[in-house]
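Side chains included, hydrogens not; waters and symmetry mates left out as well; all remaining heavy atoms used. One-based numbering along the sequence shown.
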Amino acid sequence: MKEQRKDILDMLAEGKITAAEAEQLIAALERTQPPTTASIDARPKGKAKYLRVMVDAVDENGEPGRVNVRVPLQLLRAGVRLTALIPPQALGTANAELTKSGVPFDLTQLKPEQLEALVDHLDEMTVEVDQPDAKVRVFCE
């Protein structure tokens with residue numbers, strides 16, 4: 001559609017058509033174009049239900065690869081509620097193992113009310129990384 005719009009504007013600049021004709025052509029062009037694939041901005045606003053991670057990459061052998069993960073946010077909420085059932089000694093051990101594995105995360109600090117604030121902010125977040133060998137998108141839907 002962008003190419004066709006450019007062609008119309010070029011014809012207008014060259015004086016082949018009038019501004020009114022260009023306007024009519026562009027309006028007709030917009031009516032005849034099928035809707036684009038659903039974008040994250042086009043989704044209806046409301047509470048997000050999923051965290052989506054999409055990766056399109058090319059490995060070192062030139063083979064294309066694709067990852068498409070859709071995690072229900074309810075699963076995150078349930079996980080946080082379950083941490084309340086874990087004894088403090090077990091949380092301490094889990095924290096120590098996480099830190100030893102290179103993930104310095106304190107499970108004792110994870111609270112349900114904090115998770116709700118995080119989920120609310122996730123709904124507004126979009127991360128896109130576009131490189132020659134990979135494209136990564138993280139968003140809520």
Please report the interatomic distance [atom1]([X]) to [atom2]([Y]), rounded to the nearest 0.5 Å.
| X | Y | atom1 | atom2 | result |
| --- | --- | --- | --- | --- |
| Leu51 | Glu141 | CG | CD | 9.0 Å |
| Leu12 | Asp7 | CG | CG | 12.5 Å |
| Ile26 | Leu9 | CD1 | CG | 4.5 Å |
| Asp133 | Asp59 | CG | CG | 10.0 Å |

State, with a plain yes or no, whether a side-chain heavy atom of Phe139 is found less than 4.5 Å away from one of Met54.
yes

If we only count heavy atoms from C-beta on, is the Ile8 to Ile17 side-chain gap below 4.5 Å?
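Ile8 reaches Ile17 side chain to side chain.
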
Is it true that Glu3 and Lys6 have a side-chain N and a carboxylate O under 4.0 angstrom from each other?
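Answer for the salt bridge query: no.
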
Side chain to side chain contact (heavy atoms under 4.5 Å, CB included) partner of Val136, the single match among Val129, Asp130, Val67:
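Only one option passes, and that is Val129.
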
State plainly whether one hydrophobic cluster holds both Val55 and Tyr50, where clusters connect Ile, Leu, Val, Met, Phe, Trp and Tyr through side-chain heavy atoms under 4.5 angstrom apart.
no

With no hydrogens and no angle check, is any side-chain donor or acceptor of Glu14 less than 3.5 Å from a backbone partner on Met11?
no

Within 6.0 Å of CD in Glu23, more than 12 heavy atoms from elsewhere
no

Do you know which of Lys135, Arg137, Arg66 makes salt bridge (charged side-chain N to carboxylate O under 4.0 Å, His left out) with Asp56?
Arg66

